[in-house]
Amino acid sequence: MPSFTRPFDTAIDTLHAYYHALADSKLEDLMALWIDEDAVSFISVDGILFNGLDTIRYHLAQQFEYGLPKIAVLDTRSYESPGTAIYVVTEAHNPVNQDEQPKLVLTTYVLVQECGKWRVAHIHASPMPEQAASLFTNGLEQNQGSLH
């Protein structure tokens, strides 16, 4: 049966590409995943709002110079419609500096379809509150073990 979709044309593929570009510190690859609109926005885990591609590029370039934490995806929830996809991702941010503690972060990614390609329109990251983080990690520990 022929497939009418091309590989990497789904929203989740774009999100995976975003994580790979972050892990490899490839700023241009990362920026190519954003929609070409003035209204794009990024709220960092520190609560700082960055509006527009130039501002986001500048912020990410600074982060690459300082060093980004290694990000592990722990859980993903999604909502998808024909032109919009929203992912709420629980991430573990493991800092570059070994003296700092890892933290759990909730990040919402909003992707939209542009010319048949999925692009990032908005990212909002925020630290998971301590109480929620402990409930989440306890839930992870309880769900570990044999699958049979």
Side-chain angles (χ1 to χ4, degrees), residues 1-97 100-130 132-133 135-141 143-144 147:
M1 179 174 196
S3 174
F4 295 104
T5 60
R6 296 181 308 233
F8 309 113
D9 284 347
T10 66
I12 196 68
D13 289 333
T14 299
L15 187 57
H16 288 163
Y18 192 88
Y19 282 116
H20 286 290
L22 275 177
D24 296 339
S25 297
K26 293 186 175 181
L27 181 61
E28 293 310 313
D29 290 354
L30 194 62
M31 294 309 299
L33 297 171
W34 285 83
I35 191 167
D36 190 14
E37 296 276 336
D38 291 335
V40 297
S41 56
F42 174 51
I43 300 173
S44 72
V45 73
D46 301 326
I48 301 169
L49 171 63
F50 300 96
N51 284 313
L53 289 173
D54 292 338
T55 306
I56 293 169
R57 177 189 305 276
Y58 179 77
H59 167 70
L60 289 172
Q62 286 184 321
Q63 290 294 310
F64 285 156
E65 283 182 29
Y66 173 72
L68 290 172
K70 292 190 187 268
I71 299 173
V73 174
L74 303 177
D75 186 56
T76 303
R77 307 295 167 134
S78 66
Y79 165 81
E80 296 183 34
S81 70
T84 305
I86 300 169
Y87 294 95
V88 179
V89 182
T90 304
E91 303 169 338
H93 287 210
N94 298 302
V96 175
N97 183 351
E100 296 178 25
Q101 292 293 318
K103 60 182 157 187
L104 290 180
V105 175
L106 288 174
T107 305
T108 302
Y109 297 89
V110 178
L111 290 87
V112 295
Q113 221 171 15
E114 177 185 58
C115 301
K117 299 283 185 188
W118 286 94
R119 298 287 181 238
V120 177
H122 174 73
I123 298 174
H124 183 164
S126 56
M128 187 180 287
E130 293 282 332
L135 289 172
F136 183 82
T137 54
N138 287 341
L140 284 178
E141 290 168 2
N143 289 330
Q144 291 180 351
L147 295 176

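In what follows, residues are counted from 1 in the order of the sequence shown.
- The local environment of CG in D24 is crowded, with over 12 non-hydrogen atoms from other residues, nucleotides or ligands closer than 6.0 Å.
- S126 and V45 make their closest contact through C-CG2, 4.1 Å (heavy atoms, listed as atom of the first residue, atom of the second, distance).
- The backbone N or O of T76 sits nowhere less than 3.5 Å from a side-chain atom of Y87 that would complete a donor-acceptor pair.
- Rounding to the nearest 0.5 Å gives a distance of 12.5 Å between CD1 of I48 and OG1 of T55.
- Counting heavy-atom neighbours within 6.0 Å of N51 CG, excluding the residue itself, gives a total above 12.
- No side-chain heavy atom of I86 sits under 4.5 Å from any side-chain heavy atom of Y109.
- The CG atom of D38 sits 7.5 Å away from atom CG of L53, with the distance rounded to the nearest 0.5 Å.
- Of all heavy-atom pairs spanning M128 and T90, the tightest one is CE-CG2, 3.6 Å.
- Ion pairing between K103 and E91 fails under the 4.0 Å rule for side-chain N and carboxylate O.
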>> side chain to side chain contact (heavy atoms under 4.5 Å, CB included), that's the test. Do T108 and H122 meet it? Break it down for me.
In response: CA-CA 8 Å; T108 302; H122 174 73; 5.6 Å; no
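- Of all heavy-atom pairs between D29 and A21, the closest is CB-CB, 4.1 Å.
- Put simply, the side chain of L15 reaches to within 4.5 Å of the side chain of V89, judged on heavy atoms.
- Each of V88, L49, I43 was checked for a side chain to side chain contact (heavy atoms under 4.5 Å, CB included) with H124, and the lone residue meeting it is I43.
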>> Apply side chain to side chain contact (heavy atoms under 4.5 Å, CB included) to residues L22 and F64 and explain how you reach the verdict.
In response: CA-CA 9 Å; L22 275 177; F64 285 156; 4.2 Å; yes
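- In plain terms, the two heavy atoms of L111 and V120 that are nearest each other are CG-CA, 4.2 Å.
- Summarising the geometry of Q113 relative to W118, their closest heavy-atom pair is NE2-NE1, 3.5 Å, with the distance given to 0.1 Å.
- When every heavy atom of Y19 is checked against every heavy atom of V73, the shortest pair comes out as CZ-CG2, 3.6 Å.
- Going from atom OG1 of T107 over to atom OH of Y18 covers 9.0 Å, rounded to the nearest 0.5 Å.
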